[in-house]
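Indexing begins at 1, ligand by ligand and atom by atom, following the structure's order.
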Amino acid sequence: MGTDPFQLFDEWFAEAAVSEPNDPNAMALATAGENGRPSVRIVLMKGHGPEGFVFYTNQRSRKGEELAHNPHAALLFHWKSLRRQIRIEGPVSPVDDAMADAYFASRSRDSQLGAWASDQSRPLESRDLFMARYEEVSLRFDGGPVPRPPHWSGFRVAAERIEFWQDREHRLHERRLFERSAEGWREGLLYP
Ligand SMILES: Cc1cc2nc3c(=O)[nH]c(=O)nc-3n(C[C@H](O)[C@H](O)[C@H](O)COP(=O)(O)O)c2cc1C
């Protein structure tokens, strides 16, 4: 039996959780919209496994709109403390409402209110306007439960390709590539 890339991911992620100063789950998310031009930003991975890698965001954001036009993404973890990176690529689909509701409910109240107050990726006239919107939503929900905004949810990147990169001496770095095939995962090496 070959190596299971998800098990290997778990091992590296557990090591990163110990050695990184913060946010070992921070990953770069690259998308491209209709015009084919890439854009990239950091998001936090909030779930992972053979079915994919999950993050949450505003679906009307730039990334959300790009994914609506072109539901494919690339993810990158770079753990400087371990001198490692993991690259993941694959198609993207929304998580179901129950999962998004459960995650939203687990967030702090401030983050929940922020999700209502922020028109993510839209031009903002002033910081004061944002603060006023935050005040307005906190009065609107007035201590009661904050429901998940309809435009706020999660996306799952279903990995078709995962590459584990490990720094080695003399720049003889190691690259292990896993590609999904009909028979399962195929493993190979790449020149560094
Ligand atoms: C460490 C870190 C974690 C972040 N996590 C998230 C996240 O989980 N979801 C999110 O929407 N934005 C997150 N952001 C903000 C994004 O990088 C980005 O600014 C925002 O989502 C707007 O991106 P867009 O205009 O390309 O859609 C995070 C930023 C940093 C630096």
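The closest side-chain heavy-atom distance from Leu177 to Leu189 is not below 4.5 Å. By the 4.5 Å heavy-atom criterion applied to side chains, Asp4 and Phe178 are not counted as neighbours. Proximity of Trp165 to Ile86: side-chain heavy atoms (C-beta onward) are nowhere separated by under 4.5 Å.
A salt bridge links Glu163 to Arg175: at least one charged side-chain nitrogen sits closer than 4.0 Å to a carboxylate oxygen. Under the 4.0 Å criterion applied to side-chain N and carboxylate O atoms, Arg180 and Glu160 are not assigned as salt-bridge partners.
Protein heavy atom nearest atom 25 (O) of ligand 1, with residue, atom name and distance: Ser121 OG, 2.6 Å. In terms of protein heavy-atom proximity, atom 13 (C) of ligand 1 is closest to Ile42 O, 3.5 Å. Atom 18 (C) of ligand 1 has Arg41 CG, 3.9 Å as its closest protein atom, hydrogens excluded (heavy atom only). Residue, atom and distance of the protein heavy atom nearest to atom 21 (O) of ligand 1 are Lys63 NZ, 2.6 Å.
Here the closest heavy-atom approach between residue Ser153 and residue Val95 is recorded as OG-CG2, 4.0 Å.
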Do Trp116 and Tyr134 pass the ring pair (Phe, Tyr, Trp, His ring centres under 6.0 Å) test, and can you show the C-alpha distance, the side-chain angles, and the key distance before you say yes or no?
CA-CA 8 Å; Trp116 280 99; Tyr134 184 88; over 10 Å; no

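Only the side chain of Gln120 comes within contact range of ligand 1, with a heavy atom under 4.0 Å; no backbone atom does. Only backbone heavy atoms of Tyr56 (N, CA, C or O) come within less than 4.0 Å of ligand 1; its side chain stays farther off.
When each atom of ligand 1 is checked for a heavy atom of Asp23 under 4.0 Å away, the hits are 1 (C).
Among Val43, Asn22, Thr57, the residue whose heavy atom lies closest to atom 5 (N) of ligand 1 is Val43.
Looking at Asn58 next to ligand 1, no N or O pair under 3.5 Å apart turns up. Looking at ligand 1, you'll find an N or O of Leu44 within less than 3.5 Å of one of its N or O atoms.
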